[in-house]
Amino acid sequence: MGAIRAEYRCLRRAELPVGTIALARYLIGKTLVHDAPEGRRSGRIVETEAYVPGDAAAHHFRGMTPRNRSMFLGRGHAYVYFIYGVWYALNVSAEAKGVGGGILLRAVEPLRGIALMQARRPGATLENLARGPGRLATAFDIDRRFDGIDLCKKGPLWLGEAVRPTGAIGASVRIGITLEAHRLQRYYERNNPFVSGPKRLNI
DNA sequence: CGGCTGATGATCT
DNA sequence: GATCATCAGCCGG
C-alpha cells in the first residue's frame, strides 16, 4: 500500500497515453474528483472499460450524434449518458480530436466526501457506494451537466494523480453488452473490494 | 452467492 | 418501436 497522499494535482492532457486501451489501463488507480458547493467528493478509479474506434458495441460506432459528440473532443473530456431511463454513466474520451473513443468508469473506491455520497445513496455499504457505473454517477452526483467538460483542469470534475501505488491490473470481458462481447477490454485493480461485476470476472 | 426480472425514458431507426 | 455500456429486489440453493 504505502502512504496516502492528501494533495494531488490534476492530470495533464499531455501525460495521458494516446489510445483508448492504454488510457483505460492508465486510469486505474488515478483519482476522480467532483468539487461541488457542498464539498469535495473523490475516489480511486478501480475499474474501467475501453470502447475503441471500430467497436460495434460502442456508442460512437455509427459516427457522431448529438448524444455522443463528447467522445470526439480529444482525450480527457467527460462523456455522460443516460441509460435504462434511470442511470447516468461517466466516460472519459480517449482518442484524437475527431475520432470516437471512450472509457467507461465502472467503479471507484471512495476517498473523500463519503457522507455526501451516502446522502445520495442511502443505505448503501461503503463498498457499494460507487461500485458500478450507475451507482458511481449517483454517488458523485454526475449527470449531463458535466457532458463535454475538460477533465484535465481543476473545474467541477477532474482527474487527479494516484494517491497511493496502484496494484496489479486484471482484464476481462466487458459487462452488460452483447456485441463484441469477447473483447478483453474491461480493466480492474485486482483484489480490490470496490470493483463491480461477478466474482468469476475479478480473478 | 448466483440467477432472473421489471422499471423507466432518451435516443436513433 | 426497439434498444439499451444498469440496478434493486426477490427467489432458490
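Letters A, B, ... are given to chains in the order of the sequence lines, protein chains preceding strands, and every chain is numbered from 1.
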Canonical and wobble pairing (Watson-Crick, G-U, under 3.5 Å) of DNA chain C, dot-bracket with |: ||||.|||||||.
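The two residues A/L129 and A/R121 have their closest heavy-atom pair at O-NE, 2.9 Å. Closest non-hydrogen pair, A/S93 versus A/L23, comes out as O-CD2, 3.8 Å.
For A/N202 and B/dG2, the CG to C1' distance is 14 Å, given to the nearest whole Å. Atom CG in A/L90 sits roughly 15 Å away from atom C1' in C/dT6 (whole-Å rounding). To the nearest angstrom, P of C/dA8 lies 13 Å from CZ of A/R120. Rounded to whole angstrom, the span from the CD atom of A/Q185 across to the C1' atom of C/dA5 amounts to 13 Å. Rounding to whole angstrom units, CG of residue A/L201 and P of C/dT6 are separated by 12 Å. The nearest whole Å value for the distance from the CD1 atom in A/I142 to the P atom in C/dT6 is 16 Å. Between the C1' atom of C/dT6 and the CG atom of A/N91 lies a distance of 14 Å, rounded to the nearest Å. Note: CG (A/D147) to P (C/dA5) measures 16 Å, nearest angstrom.
Residues from residues 94-107 of chain A that place a heavy atom under 4.0 Å from any atom of DNA chain C, listed by number: A/L104, A/R106. The stretch residues 166-184 of chain A touches DNA chain C through A/I175, A/G176, A/I177, each having a heavy atom under 4.0 angstrom from the strand.
Put simply, A/R131 has no side-chain N or O that comes within less than 4.0 Å of OP1 or OP2 on C/dC7.
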Tabulated below should be each protein N or O lying under 3.5 Å from an N or O of nucleotides 9-13 of chain C; please produce it.
none

Could you go over nucleotides 10-13 of chain B and give all protein N or O partners under 3.5 Å, atom names and distances?
residue	atom	partner	partner atom	Å
B/dC12	OP1	A/T65	OG1	2.4

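Every residue meeting the side chain to side chain contact (heavy atoms under 4.5 Å, CB included) condition with A/D35, not counting sequence neighbours, appears here in chain and number order: A/V33, A/R40, A/W158. Among residues two or more places apart in sequence or in another chain, the ring-ring contact (aromatic ring centres under 6.0 Å, His included) test is passed with A/F72 by none. Applying the side chain to side chain contact (heavy atoms under 4.5 Å, CB included) criterion to A/A24, with sequence neighbours excluded, gives A/T48, A/A50, A/I103, A/Y187. For A/F140, there are no ring-ring contact (aromatic ring centres under 6.0 Å, His included) partners, not counting sequence neighbours. Here A/H60 pairs with nothing under the ring-ring contact (aromatic ring centres under 6.0 Å, His included) rule; sequence neighbours left out.
Its side chain within the 4.5 Å cluster rule, A/V173 clusters with A/I175, A/L184, A/L201 among the Ile, Leu, Val, Met, Phe, Trp and Tyr residues.
A salt bridge between A/E38 and A/R120 is absent, with no side-chain N of the basic residue lying under 4.0 Å from a carboxylate O of the acidic one.
Between the side chains of A/T20 and A/E95, at least one donor-acceptor pair of N or O atoms lies under 3.5 Å.
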Per-nucleotide protein contact string for nucleotides 3-8 of chain B, where B marks a base within reach and S marks sugar-phosphate only (heavy atoms under 4.0 Å, - for neither): -----B
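Counting non-hydrogen atoms under 4.0 angstrom, A/R121 reaches the backbone sugars and phosphates but no base.
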